[in-house]
Number of protein chains: 2
Amino acid sequence: MRCLAKRLLSFTRLVQGVNVSAVTSPLVWEHVQPAAARRLLTGAVDAFAERGYQATTTRDIASRAGMSPAALYVHYPSKERLLFEISLYGHNAALEVLRSADAGSTPADRLRSLVAAFTAWHAEHHTIARVVQYELVALTPEHLAEVAVIRRAISTQIEQVLADGVRDGSFAVADLPGTTLAVLSLSIDVARWYTPHRGDPAALGKLYADLAHRMVQT
Amino acid sequence: MRCLAKRLLSFTRLVQGVNVSAVTSPLVWEHVQPAAARRLLTGAVDAFAERGYQATTTRDIASRAGMSPAALYVHYPSKERLLFEISLYGHNAALEVLRSADAGSTPADRLRSLVAAFTAWHAEHHTIARVVQYELVALTPEHLAEVAVIRRAISTQIEQVLADGVRDGSFAVADLPGTTLAVLSLSIDVARWYTPHRGDPAALGKLYADLAHRMVQT
DNA sequence: GTCTATAGGCCGATAGAC
DNA sequence: GTCTATCGGCCTATAGAC
(Lines give C-alpha, C1' and ligand atoms only; values in the text may rest on other atoms or scores of the structure.)
Protein backbone atom coordinates (compact mmCIF):
# COMPACT_ATOMS: atom_id res chain seq x y z
CA MET A 1 0.00 0.00 0.00
CA ARG A 2 2.97 2.34 0.20
CA CYS A 3 2.81 2.86 -3.57
CA LEU A 4 -0.84 4.01 -3.62
CA ALA A 5 -0.24 7.75 -3.31
CA LYS A 6 2.42 7.55 -5.97
CA ARG A 7 0.03 5.80 -8.37
CA LEU A 8 -2.72 8.37 -7.83
CA LEU A 9 -0.30 11.20 -8.52
CA SER A 10 1.12 9.66 -11.66
CA PHE A 11 -2.21 8.93 -13.25
CA THR A 12 -3.49 12.42 -12.47
CA ARG A 13 -0.50 13.87 -14.25
CA LEU A 14 -1.05 11.62 -17.23
CA VAL A 15 -4.77 12.27 -17.57
CA GLN A 16 -4.51 16.02 -17.18
CA GLY A 17 -1.49 16.19 -19.46
CA VAL A 18 -1.52 16.54 -23.22
CA ASN A 19 -1.08 12.92 -24.27
CA VAL A 20 -4.71 12.00 -24.89
CA SER A 21 -3.80 9.00 -27.00
CA ALA A 22 -2.54 7.38 -23.82
CA VAL A 23 -6.00 7.34 -22.26
CA THR A 24 -7.70 6.07 -25.41
CA SER A 25 -5.09 3.44 -26.26
CA PRO A 26 -5.40 -0.14 -24.95
CA LEU A 27 -2.57 0.62 -22.53
CA VAL A 28 -4.77 2.84 -20.39
CA TRP A 29 -3.48 1.48 -17.10
CA GLU A 30 0.22 1.57 -18.01
CA HIS A 31 0.87 4.00 -15.15
CA VAL A 32 -0.36 1.56 -12.50
CA GLN A 33 2.70 -0.07 -10.97
CA PRO A 34 3.72 -2.72 -10.15
CA ALA A 35 2.32 -5.06 -12.80
CA ALA A 36 0.50 -7.15 -10.17
CA ALA A 37 -1.46 -4.09 -9.04
CA ARG A 38 -2.30 -3.38 -12.68
CA ARG A 39 -3.53 -6.94 -13.28
CA LEU A 40 -5.78 -6.64 -10.22
CA LEU A 41 -7.12 -3.30 -11.39
CA THR A 42 -7.89 -4.36 -14.95
CA GLY A 43 -9.45 -7.56 -13.64
CA ALA A 44 -11.62 -5.46 -11.35
CA VAL A 45 -12.68 -3.18 -14.22
CA ASP A 46 -13.78 -6.17 -16.27
CA ALA A 47 -15.58 -7.83 -13.37
CA PHE A 48 -17.32 -4.65 -12.15
CA ALA A 49 -18.44 -3.86 -15.72
CA GLU A 50 -19.74 -7.38 -16.34
CA ARG A 51 -21.56 -8.12 -13.09
CA GLY A 52 -21.51 -4.91 -11.09
CA TYR A 53 -19.51 -4.01 -8.00
CA GLN A 54 -21.67 -5.81 -5.44
CA ALA A 55 -21.82 -9.06 -7.39
CA THR A 56 -18.05 -9.13 -7.81
CA THR A 57 -16.02 -10.92 -5.13
CA THR A 58 -12.45 -10.15 -4.16
CA ARG A 59 -11.77 -13.82 -4.91
CA ASP A 60 -12.98 -13.26 -8.48
CA ILE A 61 -10.75 -10.21 -8.95
CA ALA A 62 -7.72 -12.00 -7.51
CA SER A 63 -8.25 -15.06 -9.67
CA ARG A 64 -8.51 -12.91 -12.83
CA ALA A 65 -5.11 -11.52 -11.84
CA GLY A 66 -3.79 -15.06 -11.28
CA MET A 67 -3.37 -14.57 -7.54
CA SER A 68 -4.67 -15.89 -4.26
CA PRO A 69 -7.48 -13.90 -2.55
CA ALA A 70 -5.08 -12.60 0.10
CA ALA A 71 -2.60 -11.10 -2.39
CA LEU A 72 -5.11 -8.41 -3.33
CA TYR A 73 -4.72 -6.76 0.07
CA VAL A 74 -1.00 -6.19 -0.44
CA HIS A 75 -1.88 -3.76 -3.25
CA TYR A 76 -5.25 -2.37 -2.20
CA PRO A 77 -6.59 -1.95 1.33
CA SER A 78 -10.19 -2.81 0.36
CA LYS A 79 -12.48 -3.69 -2.51
CA GLU A 80 -14.00 -0.19 -2.34
CA ARG A 81 -10.59 1.42 -2.77
CA LEU A 82 -10.14 -0.54 -6.00
CA LEU A 83 -13.48 0.84 -7.21
CA PHE A 84 -12.48 4.35 -6.19
CA GLU A 85 -9.21 4.23 -8.09
CA ILE A 86 -11.02 3.04 -11.22
CA SER A 87 -13.78 5.63 -10.81
CA LEU A 88 -11.40 8.52 -10.15
CA TYR A 89 -9.15 7.65 -13.06
CA GLY A 90 -12.13 7.09 -15.36
CA HIS A 91 -13.72 10.41 -14.48
CA ASN A 92 -10.45 12.25 -15.02
CA ALA A 93 -9.96 10.51 -18.36
CA ALA A 94 -13.47 11.43 -19.52
CA LEU A 95 -12.98 15.07 -18.49
CA GLU A 96 -9.64 15.26 -20.25
CA VAL A 97 -11.16 13.82 -23.43
CA LEU A 98 -13.74 16.63 -23.35
CA ARG A 99 -11.17 19.36 -22.67
CA SER A 100 -8.96 18.19 -25.50
CA ALA A 101 -11.93 18.03 -27.86
CA ASP A 102 -13.19 21.54 -27.09
CA ALA A 103 -11.64 23.08 -30.19
CA GLY A 104 -13.18 24.84 -33.16
CA SER A 105 -13.98 28.35 -34.31
CA THR A 106 -17.76 28.15 -33.82
CA PRO A 107 -19.98 26.80 -31.03
CA ALA A 108 -21.41 24.32 -33.55
CA ASP A 109 -17.96 22.95 -34.38
CA ARG A 110 -17.04 22.78 -30.71
CA LEU A 111 -20.28 21.00 -29.76
CA ARG A 112 -19.89 18.45 -32.54
CA SER A 113 -16.31 17.80 -31.50
CA LEU A 114 -17.24 17.44 -27.81
CA VAL A 115 -20.13 15.06 -28.42
CA ALA A 116 -18.18 12.98 -30.95
CA ALA A 117 -15.26 12.56 -28.55
CA PHE A 118 -17.35 11.95 -25.43
CA THR A 119 -19.54 9.39 -27.22
CA ALA A 120 -16.59 7.59 -28.81
CA TRP A 121 -14.89 7.41 -25.41
CA HIS A 122 -17.95 5.79 -23.82
CA ALA A 123 -18.02 3.21 -26.64
CA GLU A 124 -14.28 2.55 -26.84
CA HIS A 125 -13.94 2.35 -23.06
CA HIS A 126 -17.38 0.97 -22.33
CA THR A 127 -16.12 -1.24 -19.49
CA ILE A 128 -14.48 1.64 -17.61
CA ALA A 129 -17.40 3.90 -18.54
CA ARG A 130 -19.90 1.44 -17.10
CA VAL A 131 -18.08 1.51 -13.76
CA VAL A 132 -17.83 5.31 -13.92
CA GLN A 133 -21.52 5.85 -14.67
CA TYR A 134 -23.28 3.05 -12.81
CA GLU A 135 -21.27 2.22 -9.67
CA LEU A 136 -21.27 5.62 -7.96
CA VAL A 137 -23.54 4.39 -5.14
CA ALA A 138 -20.94 1.85 -4.01
CA LEU A 139 -18.38 4.57 -3.24
CA THR A 140 -17.94 5.88 0.31
CA PRO A 141 -19.44 9.37 0.80
CA GLU A 142 -15.94 10.88 0.86
CA HIS A 143 -14.88 9.20 -2.38
CA LEU A 144 -18.20 10.05 -4.02
CA ALA A 145 -17.70 13.71 -3.15
CA GLU A 146 -14.31 13.61 -4.83
CA VAL A 147 -15.62 12.28 -8.14
CA ALA A 148 -18.66 14.56 -7.96
CA VAL A 149 -16.31 17.52 -8.43
CA ILE A 150 -15.10 16.03 -11.70
CA ARG A 151 -18.66 15.25 -12.80
CA ARG A 152 -19.62 18.89 -12.35
CA ALA A 153 -16.65 19.95 -14.49
CA ILE A 154 -17.79 17.55 -17.22
CA SER A 155 -21.30 18.99 -17.16
CA THR A 156 -19.98 22.56 -17.20
CA GLN A 157 -17.88 21.83 -20.28
CA ILE A 158 -21.02 21.04 -22.29
CA GLU A 159 -23.16 23.78 -20.76
CA GLN A 160 -20.58 26.43 -21.61
CA VAL A 161 -20.55 25.58 -25.31
CA LEU A 162 -24.35 25.61 -25.45
CA ALA A 163 -24.39 28.99 -23.67
CA ASP A 164 -21.84 30.38 -26.14
CA GLY A 165 -23.98 29.21 -29.04
CA VAL A 166 -27.08 30.82 -27.57
CA ARG A 167 -25.19 34.09 -27.07
CA ASP A 168 -23.97 34.32 -30.67
CA GLY A 169 -27.31 33.16 -32.07
CA SER A 170 -26.18 29.86 -33.57
CA PHE A 171 -28.17 27.78 -31.04
CA ALA A 172 -31.79 27.99 -29.88
CA VAL A 173 -32.10 26.42 -26.44
CA ALA A 174 -35.32 26.71 -24.44
CA ASP A 175 -33.96 25.06 -21.26
CA LEU A 176 -30.18 25.27 -20.87
CA PRO A 177 -29.67 22.90 -17.87
CA GLY A 178 -32.20 20.44 -19.28
CA THR A 179 -30.63 20.41 -22.72
CA THR A 180 -27.14 20.08 -21.23
CA LEU A 181 -28.31 16.99 -19.36
CA ALA A 182 -29.94 15.59 -22.51
CA VAL A 183 -26.74 15.98 -24.54
CA LEU A 184 -24.73 14.31 -21.77
CA SER A 185 -27.34 11.53 -21.50
CA LEU A 186 -27.02 10.67 -25.14
CA SER A 187 -23.31 9.89 -24.75
CA ILE A 188 -23.44 8.41 -21.26
CA ASP A 189 -26.15 5.91 -22.12
CA VAL A 190 -23.80 4.42 -24.71
CA ALA A 191 -21.98 2.74 -21.82
CA ARG A 192 -25.18 0.83 -20.98
CA TRP A 193 -25.77 -0.82 -24.35
CA TYR A 194 -22.51 -0.69 -26.31
CA THR A 195 -20.65 -3.86 -27.25
CA PRO A 196 -17.84 -3.99 -29.83
CA HIS A 197 -20.05 -5.72 -32.41
CA ARG A 198 -22.40 -2.72 -32.38
CA GLY A 199 -20.24 -0.60 -34.62
CA ASP A 200 -17.24 1.64 -34.74
CA PRO A 201 -16.93 4.12 -31.83
CA ALA A 202 -15.81 6.91 -34.18
CA ALA A 203 -18.80 6.41 -36.50
CA LEU A 204 -21.13 6.40 -33.50
CA GLY A 205 -19.51 9.61 -32.28
CA LYS A 206 -20.09 11.24 -35.66
CA LEU A 207 -23.78 10.20 -35.68
CA TYR A 208 -24.35 11.46 -32.14
CA ALA A 209 -22.52 14.73 -32.88
CA ASP A 210 -24.95 15.29 -35.72
CA LEU A 211 -28.00 14.42 -33.59
CA ALA A 212 -26.87 16.68 -30.73
CA HIS A 213 -26.19 19.55 -33.10
CA ARG A 214 -29.64 19.20 -34.67
CA MET A 215 -31.19 19.29 -31.17
CA VAL A 216 -29.97 22.85 -30.64
CA GLN A 217 -29.34 24.54 -33.98
CA THR A 218 -31.48 27.49 -35.00
CA MET B 1 -46.86 -19.35 -3.87
CA ARG B 2 -50.11 -20.75 -5.18
CA CYS B 3 -51.24 -17.23 -6.02
CA LEU B 4 -48.25 -16.39 -8.25
CA ALA B 5 -49.72 -17.47 -11.58
CA LYS B 6 -52.93 -15.64 -10.78
CA ARG B 7 -51.00 -12.44 -10.07
CA LEU B 8 -49.03 -12.64 -13.30
CA LEU B 9 -52.21 -13.10 -15.27
CA SER B 10 -54.06 -10.24 -13.65
CA PHE B 11 -51.32 -7.70 -14.10
CA THR B 12 -50.83 -8.67 -17.75
CA ARG B 13 -54.49 -8.04 -18.34
CA LEU B 14 -54.27 -4.71 -16.59
CA VAL B 15 -51.15 -3.49 -18.38
CA GLN B 16 -52.30 -4.51 -21.81
CA GLY B 17 -55.79 -3.18 -21.22
CA VAL B 18 -57.00 0.34 -21.85
CA ASN B 19 -56.75 1.82 -18.38
CA VAL B 20 -53.37 3.53 -18.66
CA SER B 21 -54.03 5.77 -15.69
CA ALA B 22 -53.76 2.66 -13.54
CA VAL B 23 -50.11 2.16 -14.45
CA THR B 24 -49.17 5.79 -13.98
CA SER B 25 -51.08 6.32 -10.74
CA PRO B 26 -49.41 5.76 -7.37
CA LEU B 27 -51.45 2.58 -6.97
CA VAL B 28 -49.41 0.74 -9.60
CA TRP B 29 -49.24 -2.50 -7.66
CA GLU B 30 -52.92 -2.63 -6.68
CA HIS B 31 -53.30 -5.91 -8.58
CA VAL B 32 -50.73 -7.70 -6.41
CA GLN B 33 -52.62 -9.70 -3.81
CA PRO B 34 -52.58 -10.30 -0.91
CA ALA B 35 -51.46 -7.04 0.67
CA ALA B 36 -48.44 -8.70 2.29
CA ALA B 37 -47.13 -9.74 -1.13
CA ARG B 38 -47.66 -6.17 -2.35
CA ARG B 39 -45.77 -4.70 0.60
CA LEU B 40 -42.86 -7.03 -0.13
CA LEU B 41 -42.89 -6.13 -3.80
CA THR B 42 -42.98 -2.37 -3.31
CA GLY B 43 -40.30 -2.67 -0.65
CA ALA B 44 -38.18 -4.62 -3.12
CA VAL B 45 -38.70 -1.99 -5.84
CA ASP B 46 -37.52 0.76 -3.51
CA ALA B 47 -34.54 -1.24 -2.24
CA PHE B 48 -33.44 -2.45 -5.70
CA ALA B 49 -33.71 1.10 -7.08
CA GLU B 50 -31.77 2.61 -4.17
CA ARG B 51 -28.90 0.15 -3.77
CA GLY B 52 -29.19 -2.30 -6.64
CA TYR B 53 -30.33 -5.93 -6.63
CA GLN B 54 -27.09 -7.47 -5.37
CA ALA B 55 -26.67 -5.03 -2.51
CA THR B 56 -30.23 -5.63 -1.32
CA THR B 57 -30.79 -8.41 1.20
CA THR B 58 -33.96 -10.40 1.66
CA ARG B 59 -33.81 -9.24 5.29
CA ASP B 60 -33.98 -5.62 4.09
CA ILE B 61 -36.98 -6.30 1.84
CA ALA B 62 -38.81 -8.19 4.58
CA SER B 63 -38.16 -5.48 7.15
CA ARG B 64 -39.47 -2.79 4.78
CA ALA B 65 -42.64 -4.86 4.59
CA GLY B 66 -42.72 -5.17 8.39
CA MET B 67 -42.09 -8.90 8.37
CA SER B 68 -39.52 -11.44 9.48
CA PRO B 69 -36.99 -12.62 6.87
CA ALA B 70 -38.72 -15.99 6.57
CA ALA B 71 -42.16 -14.56 5.73
CA LEU B 72 -40.89 -13.45 2.32
CA TYR B 73 -40.66 -17.06 1.14
CA VAL B 74 -44.36 -17.65 1.71
CA HIS B 75 -45.09 -15.18 -1.10
CA TYR B 76 -42.06 -15.48 -3.38
CA PRO B 77 -39.85 -18.54 -3.89
CA SER B 78 -36.64 -16.51 -4.25
CA LYS B 79 -35.17 -13.04 -4.37
CA GLU B 80 -34.67 -13.38 -8.13
CA ARG B 81 -38.36 -14.16 -8.64
CA LEU B 82 -39.23 -10.90 -6.91
CA LEU B 83 -36.91 -9.08 -9.34
CA PHE B 84 -38.46 -10.91 -12.28
CA GLU B 85 -42.01 -9.95 -11.32
CA ILE B 86 -40.97 -6.31 -11.00
CA SER B 87 -39.03 -6.39 -14.26
CA LEU B 88 -41.77 -8.14 -16.22
CA TYR B 89 -44.49 -5.84 -14.93
CA GLY B 90 -42.32 -2.76 -15.52
CA HIS B 91 -41.48 -3.73 -19.09
CA ASN B 92 -45.14 -4.39 -19.87
CA ALA B 93 -46.12 -1.07 -18.33
CA ALA B 94 -43.53 0.82 -20.37
CA LEU B 95 -44.63 -0.88 -23.60
CA GLU B 96 -48.28 -0.13 -22.89
CA VAL B 97 -47.46 3.53 -22.24
CA LEU B 98 -45.84 3.68 -25.68
CA ARG B 99 -48.70 1.89 -27.45
CA SER B 100 -51.27 4.19 -25.88
CA ALA B 101 -49.24 7.24 -26.82
CA ASP B 102 -48.80 6.29 -30.47
CA ALA B 103 -51.57 8.55 -31.68
CA GLY B 104 -51.55 11.48 -34.07
CA SER B 105 -52.11 12.22 -37.73
CA THR B 106 -48.45 12.81 -38.66
CA PRO B 107 -45.22 10.97 -37.83
CA ALA B 108 -44.01 14.16 -36.12
CA ASP B 109 -47.03 14.25 -33.82
CA ARG B 110 -46.72 10.55 -33.10
CA LEU B 111 -42.98 10.80 -32.33
CA ARG B 112 -43.50 13.75 -30.00
CA SER B 113 -46.28 11.92 -28.20
CA LEU B 114 -44.21 8.72 -27.86
CA VAL B 115 -41.12 10.48 -26.54
CA ALA B 116 -43.11 12.68 -24.16
CA ALA B 117 -44.94 9.69 -22.68
CA PHE B 118 -41.90 7.39 -22.50
CA THR B 119 -39.77 10.11 -20.88
CA ALA B 120 -42.46 11.12 -18.39
CA TRP B 121 -42.92 7.45 -17.44
CA HIS B 122 -39.21 7.04 -16.71
CA ALA B 123 -39.32 10.15 -14.51
CA GLU B 124 -42.62 9.45 -12.77
CA HIS B 125 -41.72 5.80 -12.18
CA HIS B 126 -37.98 6.27 -11.85
CA THR B 127 -37.68 3.62 -9.14
CA ILE B 128 -39.36 0.91 -11.23
CA ALA B 129 -37.60 2.21 -14.34
CA ARG B 130 -34.22 1.90 -12.65
CA VAL B 131 -34.87 -1.76 -11.90
CA VAL B 132 -36.17 -2.31 -15.44
CA GLN B 133 -33.18 -0.70 -17.14
CA TYR B 134 -30.25 -1.53 -14.87
CA GLU B 135 -30.90 -4.90 -13.22
CA LEU B 136 -31.29 -7.09 -16.31
CA VAL B 137 -28.02 -8.94 -15.61
CA ALA B 138 -29.39 -10.29 -12.32
CA LEU B 139 -32.22 -12.17 -14.05
CA THR B 140 -31.89 -15.86 -14.88
CA PRO B 141 -31.30 -16.50 -18.61
CA GLU B 142 -34.89 -17.77 -18.96
CA HIS B 143 -36.40 -14.70 -17.31
CA LEU B 144 -34.09 -12.39 -19.26
CA ALA B 145 -35.27 -13.97 -22.51
CA GLU B 146 -38.85 -13.25 -21.52
CA VAL B 147 -38.31 -9.53 -20.91
CA ALA B 148 -36.08 -9.27 -23.99
CA VAL B 149 -39.16 -9.96 -26.13
CA ILE B 150 -40.88 -6.93 -24.60
CA ARG B 151 -37.75 -4.80 -25.03
CA ARG B 152 -37.71 -5.56 -28.76
CA ALA B 153 -41.36 -4.50 -29.02
CA ILE B 154 -40.50 -1.20 -27.31
CA SER B 155 -37.66 -0.56 -29.73
CA THR B 156 -39.84 -1.46 -32.73
CA GLN B 157 -42.50 1.01 -31.64
CA ILE B 158 -40.04 3.90 -32.00
CA GLU B 159 -38.34 2.58 -35.13
CA GLN B 160 -41.69 2.25 -36.92
CA VAL B 161 -42.61 5.90 -36.41
CA LEU B 162 -39.19 7.04 -37.59
CA ALA B 163 -39.51 4.82 -40.68
CA ASP B 164 -42.97 6.24 -41.40
CA GLY B 165 -41.59 9.77 -41.18
CA VAL B 166 -38.74 8.95 -43.54
CA ARG B 167 -41.18 7.43 -46.04
CA ASP B 168 -43.46 10.48 -46.15
CA GLY B 169 -40.54 12.90 -46.18
CA SER B 170 -41.13 14.55 -42.81
CA PHE B 171 -37.99 13.04 -41.26
CA ALA B 172 -34.38 12.87 -42.47
CA VAL B 173 -32.64 9.95 -40.81
CA ALA B 174 -29.15 8.87 -41.89
CA ASP B 175 -28.99 5.76 -39.68
CA LEU B 176 -32.37 4.32 -38.69
CA PRO B 177 -31.29 1.73 -36.06
CA GLY B 178 -28.74 4.15 -34.62
CA THR B 179 -31.22 6.99 -34.38
CA THR B 180 -33.87 4.70 -32.86
CA LEU B 181 -31.40 3.74 -30.15
CA ALA B 182 -30.50 7.40 -29.56
CA VAL B 183 -34.15 8.41 -29.12
CA LEU B 184 -34.68 5.52 -26.70
CA SER B 185 -31.46 6.41 -24.84
CA LEU B 186 -32.63 9.94 -24.21
CA SER B 187 -35.69 8.69 -22.32
CA ILE B 188 -34.12 5.65 -20.67
CA ASP B 189 -31.22 7.61 -19.19
CA VAL B 190 -33.77 9.69 -17.26
CA ALA B 191 -34.09 6.74 -14.88
CA ARG B 192 -30.40 7.11 -13.98
CA TRP B 193 -30.45 10.73 -12.87
CA TYR B 194 -34.06 11.70 -12.14
CA THR B 195 -35.20 12.61 -8.64
CA PRO B 196 -38.53 14.33 -7.87
CA HIS B 197 -36.85 17.66 -7.10
CA ARG B 198 -35.47 17.77 -10.65
CA GLY B 199 -38.68 18.96 -12.20
CA ASP B 200 -42.08 17.90 -13.41
CA PRO B 201 -42.16 14.63 -15.44
CA ALA B 202 -44.63 16.11 -17.93
CA ALA B 203 -42.48 19.19 -18.54
CA LEU B 204 -39.43 16.98 -19.01
CA GLY B 205 -41.40 14.86 -21.47
CA LYS B 206 -42.33 17.97 -23.47
CA LEU B 207 -38.69 19.15 -23.59
CA TYR B 208 -37.45 15.73 -24.68
CA ALA B 209 -40.20 15.39 -27.29
CA ASP B 210 -38.99 18.66 -28.78
CA LEU B 211 -35.33 17.60 -28.72
CA ALA B 212 -36.10 14.21 -30.31
CA HIS B 213 -38.23 15.79 -33.00
CA ARG B 214 -35.45 18.26 -33.86
CA MET B 215 -32.99 15.35 -34.13
CA VAL B 216 -34.88 13.94 -37.09
CA GLN B 217 -36.94 16.66 -38.74
CA THR B 218 -36.09 17.71 -42.30
C1' DG C 1 -49.21 -16.83 7.18
C1' DT C 2 -46.25 -15.37 10.60
C1' DC C 3 -42.81 -16.33 13.86
C1' DT C 4 -37.95 -18.05 16.00
C1' DA C 5 -34.08 -20.63 15.10
C1' DT C 6 -30.71 -22.25 12.23
C1' DA C 7 -28.55 -24.80 8.36
C1' DG C 8 -25.01 -24.39 5.01
C1' DG C 9 -22.26 -21.56 2.41
C1' DC C 10 -19.75 -17.60 0.85
C1' DC C 11 -17.96 -13.11 1.87
C1' DG C 12 -14.24 -9.39 3.07
C1' DA C 13 -10.36 -9.21 5.39
C1' DT C 14 -6.35 -10.88 8.49
C1' DA C 15 -2.44 -13.93 10.49
C1' DG C 16 1.67 -15.74 9.85
C1' DA C 17 4.96 -18.84 7.21
C1' DC C 18 8.21 -18.52 3.45
C1' DG D 1 4.86 -10.10 -2.24
C1' DT D 2 2.86 -14.40 -2.49
C1' DC D 3 1.04 -18.27 -0.31
C1' DT D 4 -2.29 -21.39 2.90
C1' DA D 5 -5.38 -21.26 6.49
C1' DT D 6 -8.89 -19.18 8.82
C1' DC D 7 -11.74 -15.71 11.52
C1' DG D 8 -16.07 -13.56 12.30
C1' DG D 9 -19.94 -12.24 10.07
C1' DC D 10 -23.69 -12.04 6.99
C1' DC D 11 -26.22 -14.15 3.29
C1' DT D 12 -30.30 -16.99 1.07
C1' DA D 13 -33.23 -20.22 2.16
C1' DT D 14 -35.47 -23.92 5.14
C1' DA D 15 -37.51 -26.37 9.41
C1' DG D 16 -40.92 -26.57 12.42
C1' DA D 17 -43.86 -24.40 16.20
C1' DC D 18 -48.05 -21.75 16.64
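Just so it is clear, the model here is predicted, and its values are computed rather than measured. Reminder, nothing fancy here: chain letters follow the sequence lines and each chain counts from 1.
- Scanning for side chain to side chain donor-acceptor pair (under 3.5 Å) contacts around B:Q54 gives an empty result, with sequence neighbours left out.
- Residues from residues 55-65 of chain A with heavy atoms under 4.0 angstrom of DNA chain C, sorted by number: A:T56, A:T57, A:T58, A:R59.
- For the pair A:S68 and B:Q54, both in contact range of DNA chain D, the more 5′-proximal nearest nucleotide belongs to A:S68.
- Closest to the side chain of A:Y73, out of D:dA13, C:dG1, C:dT14, is C:dT14.
- When heavy atoms are screened at a 4.0 angstrom cut-off, B:A70 is found touching base atoms of the nucleic acid.
- Atom pair B:R38:CZ and C:dG1:C1' shows a separation of 16 Å (rounding to whole Å applied).
- For the pair A:L40 CG and D:dC3 P, the interatomic distance rounds to 10 Å; values are reported in whole Å.
- Screening residues 197-207 of chain B for side chain to side chain donor-acceptor pair (under 3.5 Å), with sequence neighbours left out, gives B:T195-B:H197.
- With sequence neighbours excluded, the residues satisfying side-chain contact (heavy atoms from CB on, under 4.5 Å) with A:R151 are A:H91, A:V132, A:Q133, A:L136, B:R192.
- Pairs passing the side chain to side chain donor-acceptor pair (under 3.5 Å) check and including a residue from residues 138-148 of chain B, sequence neighbours excluded, read B:E80-B:H143, B:T140-B:H143.
- The interatomic distance linking B:H75 (NE2) with C:dC3 (P) rounds to 9 Å, in whole Å.
- In this structure, NZ of B:K79 is placed 9 Å from P of D:dC11, rounded to the nearest angstrom.
- Using a 4.0 Å cut-off between charged nitrogen and carboxylate oxygen, B:E50 and B:R64 count as a salt-bridge pair.
- Atom C1' of nucleotide C:dT4 and atom CE of B:M67 are separated by 16 Å, given to the nearest angstrom.
- With sequence neighbours left out, B:L184 forms a side-chain contact (heavy atoms from CB on, under 4.5 Å) with B:F118, B:I154, B:S155, B:I158, B:T180, B:I188.
- Atoms OH (B:Y76) and P (C:dT2) sit 12 Å apart, rounded to a whole Å.
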